[in-house]
Amino acid sequence: MTTKTKTNIIRIFNPIAASLALAVSALLLGGTQAKAQCTEVLSDLREPIGTLLTDQGNLLVSESGDPTAGSGRISIVDPSGNRRTLVDGLPSGPADVGDPSGPTGIFMRGRNLYVLMGVGDVGIMGPRPGTTLENPNGPSSPIFSSVLVMYFSAETENATNGFTLTPDDEQALADGEVVTLSNGSRDRIRIQLLVDFPNFIPFPLPDVPDNIQVSNPFGLVALRGMLYATDGGRNHVWQVDLATKAFSPLVAFPNIPNPLFPDLGGPFLEAVPTGIAVSGGQLLVTLLRGAPFPTGTSTVEQIDPATGGDTTLIDNLTTAIDIIPLTKQGAAKYFVLEASSAGPFFAGNGDFLLFEDPAGPPVVLANCLTLPSSMTLNRNTGTLYVTEVDGSLLTVPFR
């Protein structure tokens, strides 16, 4: 793994660190280790971060972008693996370590697509690793660290050649306007800014009094009338009332001791919440943990959305980045995606794990991944879609 790739993955998952289908039931009951073959579908995505399957059978992919401003994108991938653009020109900017940050988590309810915007170029690298300063030139977009909601018809999803958001459109969204885009045909998409999280908070340090802590919205899910977003920079989960647009932190995750200190890294590890899912009315949140990403420190937390109560569901993980719960005949099983199977600093391949019992050892279903960032399961075909930050989209079949 190159130094740049290591830096890139740290930026995506923690800018503060900077420094089934039921058709697989036979496999699930068998309890034996399996290593499925990863098949590449696409290789030219722009740092994909989030995925979801629509009711039309298409995969939507959020892409953080490339080094150019406004290169964030939402793509449509049809069941045959063909990519089309849904929306291009979304905000993207170099984060504090220089790599692009743009669209991240996505969630769809009905025909409304909710899109998280990452931190962008709100901050720049501070005087030493682990510090961040406010960008003296200001951010390149007024809608970083926000949630957008996009409405488009099924006909548009299945036929569009894409729309492009302009800087003027971004400013209009920031000003509270509804932006409707057209591509010259009958296709339309309506976009509105739902909430605008704080880009950062002051976080002074003894040697860096101007240090800040930036937001880094990453994962997104809805439950009843609320939207929940993980924030890998602020180390908490936002809750957003969809009716009133009011938002507040639901739960904050504390630092833990770094078992590799003082030989490697600082004395503490940040939580770095990433993936989020709903299971039995509870929220499941993966905590990646921060640099140097020691083996066995990552967890899956179960959060009560009514109280913010936090209990550990699965522990002893390494760089957990996403989770999919499955319930069959009242029994829950959990699929966990790890960005790397060994630490520190992502020393192993990414892997896809099955926990038939959250307290028991996992079954390794695939270990052929390289820096995966998200997963989505097509329960009808028994196919898992996995994105990798190098721009790849893979499938891991189960049948």
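Count residues from 1 along the sequence. Both backbone and side-chain heavy atoms feed into the values below; hydrogens, waters and symmetry mates do not.
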_Straight-line distance of R73 CZ to L45 CG, nearest 0.5 Å_ = 6.5 Å

*Stepwise side-chain contact (heavy atoms from CB on, under 4.5 Å) test for L173 and L165*: CA-CA 10 Å; L173 291 170; L165 196 73; 4.3 Å; yes

*What closest approach, in Å, do S340 and G348 show between heavy atoms, and which atom pair accounts for it?*
OG-O, 2.9 Å

*Once you round to the nearest 0.5 Å, how far does CG of L42 lie from OG1 of T387?*
11.5 Å

_If the threshold is 4.0 Å, N to carboxylate O, is there a salt bridge linking D207 and R128?_
yes

_Taking CZ in F268 as the centre, count heavy atoms belonging to other residues, nucleotides or ligands within less than 6.0 Å. Is the count above 12?_
no

*Where A339 and I321 come nearest, the two heavy atoms and their spacing*: N-CG2, 4.0 Å

*Salt bridge check: are D78 and R84 linked by an N-O gap of less than 4.0 Å?*
no

*First locate atom CG of N58, then atom CD of E157, and finally report the distance between them rounded to the nearest 0.5 Å.*
4.5 Å

*Given the rule that I, L, V, M, F, W and Y join up when any side-chain heavy atoms are under 4.5 Å apart, are L53 and I49 in one cluster?*
no

*Gap between atom OG1 of T104 and atom CD of E47 - 0.5 Å precision*: 12.0 Å

*Would you kindly say whether S374 and T51 are connected by a side-chain donor-acceptor distance under 3.5 Å?*
yes

_How long is the straight-line distance from CD1 of I191 back to OH of Y151, given to the nearest 0.5 Å?_
14.0 Å

*Could you check D322 against F352 for side-chain contact (heavy atoms from CB on, under 4.5 Å), going step by step and ending with a plain yes or no?*
CA-CA 10 Å; D322 207 355; F352 173 49; over 6 Å; no

*Distance (rounded to the nearest 0.5 Å) between L60 CG and F107 CZ*: 12.5 Å

*Honestly curious: do Y114 and L283 fall in one hydrophobic cluster under the side-chain, below-4.5 Å linking rule?*
yes

_Aromatic contact between F197 and W238, with the criterion being ring centroids under 6.0 Å apart: yes or no?_
yes

_Verdict with reasoning, D66 to S71, per side chain to side chain donor-acceptor pair (under 3.5 Å)_ = CA-CA 6 Å; D66 57 35; S71 58; 3.0 Å; yes

*Pairing of K245 and D196 as salt bridge, 4.0 angstrom limit*: no

